[in-house]
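Here the structure comes first, spelled out in structure tokens, and everything after it is commentary.
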Amino acid sequence: MKTFAALLLGATALVGTSALAQTTLTIATVNNNDMIVMQKLSKDFEEKNPDIKLNWVTLEENVLRQKITTDIATQGGQYDIMTIGMFETPLFGEKGWLSEFKDVPADYKLDDVLKSVRDGLSFDGKLYALPFYAESQMTFYRKDLFDKAGITMPDQPTWEQIGQFAEKITDKDKEIYGVCLRGKPGWGENMGQIGPVVNSYGGRWFDMDWKPQLTTEPWKEGVTTYVDLLKKYGPPGASSNGFNETLSLFASGKCGMWVDATVAAGFLTDKKQSQVADKMGYAHPPIGKFDKGNHYLWSWALAVPVSSNEPEAAKKFIYWATSQDYIKLVAKENGWAAVPPGTRTSTYDTPEYISAAPFAKLTLETIQTANPTDATQEKVPYRGISYVGIPEFQSFGTAVGQKMSAVIAGQSTVDEALNESQKLVERTMKQAGYPKK
């Protein structure tokens with residue numbers, strides 16, 4: 001009897017262990033620093049939730065977007081949690097492809113999440129994703145190089161000034177390049193950065209009749225400015241550099257200036273990862289002729305597709321990963337400067353964060369002043385600053401990005417690329433039936 005009882009208890013224990021391991025969540029995410037930190041720290045979640053196992057699929061930005069769009073559009077069910085942004089979330093939510101976040105637990109403190117970020121992750125008043133971090137743009141620069149050259153970065157630089165500064169601090173013999181910018185093609189890579197430049201010269205993607213405007217003078221000015229900076233003062237191979245590649249260049253001391261996502265600031269001030277951590281300066285993103293639309297609003301957020309078989313477990317993980325407690329966990333492990341920025345008011349009310357992150361107030365200011373509904377000098381029929389909020393943009397935005405990358409690589413001229421892009425976008429919009437009633 002004792003032997004039988006022991007066997008029975010052992011079998012029961014095995015069944016219990018099996019039951020605990022039954023729920024596996026597959027998470028598709030982007031291969032940037034903050035998401036890698038999340039993956040590392042997720043052991044904390046698994047320890048607290050032994051019945052849930054996490055399976056990570058970490059992809060390059062362009063590849064992630066392609067795979068997620070294909071899977072969710074076909075209801076493939078490959079992922080339980082998707083890392084998406086302010087472009088995809090309202091579009092996917094409108095189509096009914098995402099689970100709504102309703103009845104959010106009180107201890108999550110949803111009202112603490114910045115309203116502009118919540119609004120960007122909603123459609124028709126319904127919230128379809130929660131932000132892991134949010135960002136805008138800023139100008140990063142090397143104070144030591146500026147001091148050596150006897151120049152001062154203004155709080156609000158112009159693109160003309162960026163060119164003047166770049167000329168003075170470039171030293172290609174020492175592999176120091178005056179300015180680094182994204183050249184890698186993609187609607188969220190180089191076009192995510194070029195778009196605000198064009199806005200600041202008075203440009204827009206479409207007029208109110210959905211006619212493409214890529215051959216107008218503001219586009220020529222904005223793109224020429226961007227391309228000339230990289231050709232004259234940028235690093236070799238700039239046409240292949242996306243966010244991660246350019247971040248690595250700056251952190252290794254090879255860039256004098258960089259205009260890009262505010263989220264990079266935490267990485268660049270980390271002495272363990274950045275060779276220029278004690279040399280960092282920060283300013284507003286540059287303007288061309290106007291200050292409207294010169295910086296964007298973006299969030300990498302976590303969402304649950306309706307094709308997931310484990311929506312409640314998926315939301316449980318998302319509540320953990322986007323919570324105040326997660327922010328405190330990152331602060332404990334990596335320091336306050338490294339916490340996911342731009343999502344919660346409480347983060348910016350924390351004295352330890354403000355003290356550790358000299359870029360904090362500027363980050364919050366750029367996020368709060370970015371307006372996706374009023375980002376151009378002339379009226380437009382779309383929503384977005386660095387993108388056009390319609391499904392077709394994912395295709396033609398990347399195609400135009402390829403044309404821009406070719407110009408940076410010296411394979412085409414600005415005029416040729418913009419003329420080809422104009423025709424390409426015209427064809428796409430005609431096939432898609434625009435203007436739509």
Side-chain angles (χ1 to χ4, degrees), residues 19-29 34-35 37-56 72 77 79-86 88-90 92-94 96-134 299-333 336 339-350 352-353 364 367:
L20 287 175
Q22 282 182 352
T23 301
T24 298
L25 298 178
T26 298
I27 306 170
T29 195
D34 289 86
M35 299 304 184
V37 170
M38 175 175 63
Q39 185 173 346
K40 178 182 176 182
L41 296 182
S42 65
K43 293 177 181 177
D44 176 81
F45 175 82
E46 290 182 299
E47 288 173 0
K48 294 176 180 177
N49 299 275
D51 57 325
I52 299 176
K53 179 183 177 182
L54 304 178
N55 174 39
W56 293 87
I72 200 167
Y79 311 111
D80 297 289
I81 298 171
M82 293 178 165
T83 304
I84 57 178
M86 290 187 172
E88 301 98 338
T89 303
F92 291 175
E94 181 181 10
W97 291 346
L98 297 174
S99 294
E100 181 187 352
F101 281 90
K102 53 186 177 181
D103 302 322
V104 176
D107 61 0
Y108 180 78
K109 299 180 180 178
L110 183 60
D111 287 344
D112 184 46
V113 177
L114 295 174
K115 186 177 184 302
S116 61
V117 178
R118 277 184 282 144
D119 290 346
L121 298 172
S122 300
F123 174 75
D124 197 23
K126 297 177 181 179
L127 185 64
Y128 287 103
L130 293 176
F132 182 69
Y133 68 75
S299 171
W300 276 120
L302 302 176
V304 181
V306 294
S307 54
S308 170
N309 291 322
E310 303 291 348
E312 295 309 313
K315 287 181 178 180
K316 190 173 187 179
F317 174 80
I318 292 174
Y319 290 137
W320 172 84
T322 62
S323 67
Q324 288 181 336
D325 287 342
Y326 177 82
I327 290 173
K328 292 175 183 177
L329 177 62
V330 175
K332 178 183 176 183
E333 295 293 326
W336 270 104
V339 305
T343 59
R344 289 181 171 272
T345 301
S346 57
T347 301
Y348 294 89
D349 290 337
T350 303
E352 294 89 344
Y353 180 61
L364 184 61
I367 287 174

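Sequence positions, counted from 1, serve as the residue numbers for this chain.
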Please tabulate, for the side chains in residues 118-129, all donor-acceptor contacts under 3.5 angstrom to protein atoms that are two or more places apart in sequence or on a different chain.
from : atom 1 : to   : atom 2 : distance (Å)
R118 : NE     : V113 : O      : 2.9
R118 : NH2    : V113 : O      : 3.2
D119 : OD2    : K115 : NZ     : 2.7
S122 : OG     : R118 : O      : 2.7

Would you list the atom pairs, donor with acceptor, under 3.5 Å between side chains in residues 305-317 and any protein atom, with sequence neighbours excluded?
from : atom 1 : to   : atom 2 : distance (Å)
S308 : OG     : D80  : OD1    : 2.7
S308 : OG     : E310 : N      : 3.1
K315 : NZ     : E100 : O      : 2.6
K316 : NZ     : N49  : OD1    : 2.8

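Looking at every heavy atom in both residues, G93 comes nearest to L98 through N-CD1, 4.0 Å. The two atoms that bring A303 and I84 nearest to each other are CB-CD1, 3.7 Å, heavy atoms only. Contact detail for I367 and G342: the closest heavy-atom pair is CD1-CA, 3.6 Å. The two residues V330 and P340 come nearest to each other via the heavy atoms CG2-CD, 4.1 Å.
Taken to the nearest 0.5 Å, the CG atom of L25 stands 5.0 Å off from the CD1 atom of I81. Here L302 contributes atom CG and F101 contributes atom CZ; the two are 7.5 Å apart, rounded to the nearest 0.5 Å. In this structure, R344 CZ and S323 OG are separated by 6.5 Å, a value rounded to the nearest 0.5 Å. Distance check: Q324 CD to L329 CG gives 13.5 Å after rounding to the nearest 0.5 Å. Atom CE of residue M38 and atom OH of residue Y133 lie 10.0 Å apart, to the nearest 0.5 angstrom. Within the model, atoms CD1 of I72 and CZ of F92 stand 5.0 Å from one another, a figure rounded to the nearest 0.5 Å.
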- Task: Run the numbers on Q39 and L54 for side chain to side chain contact (heavy atoms under 4.5 Å, CB included), then give the verdict.
- Result: CA-CA 9 Å; Q39 185 173 346; L54 304 178; over 6 Å; no
- Query: Could you go step by step and tell me if Y108 and T322 meet the side chain to side chain contact (heavy atoms under 4.5 Å, CB included) rule?
  - Reply: CA-CA 9 Å; Y108 180 78; T322 62; 2.6 Å; yes
- Item | D107 vs Y319, side chain to side chain contact (heavy atoms under 4.5 Å, CB included): CA-CA, chis, key distance, verdict | CA-CA 10 Å; D107 61 0; Y319 290 137; over 6 Å; no
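With T343 contributing its side chain and A134 its backbone, the two residues share no donor-acceptor pair below 3.5 Å. Proximity of a side-chain donor or acceptor of S299 to a complementary backbone N or O of G85 within less than 3.5 Å is not detected.
In this structure, K43 has no salt bridge (charged side-chain N to carboxylate O under 4.0 Å, His left out) partners at least two apart in sequence or on a different chain. Listed by chain and residue number, nothing satisfies the side-chain hydrogen bond (donor to acceptor under 3.5 Å, both in side chains) test with E46 (two or more places apart in sequence, or in another chain). With sequence neighbours left out, the salt bridge (charged side-chain N to carboxylate O under 4.0 Å, His left out) criterion links D325 to no other residue. For L364, the side-chain contact (heavy atoms from CB on, under 4.5 Å) partners are L114, Y348, Q368, not counting sequence neighbours.
Ring planes of Y326 and W320: perpendicular class, angle over 60° (limits at 30 and 60°).
Defined by atom type and a distance below 3.5 Å, a donor-acceptor pair is missing between the side-chain atoms of T24 and N55.
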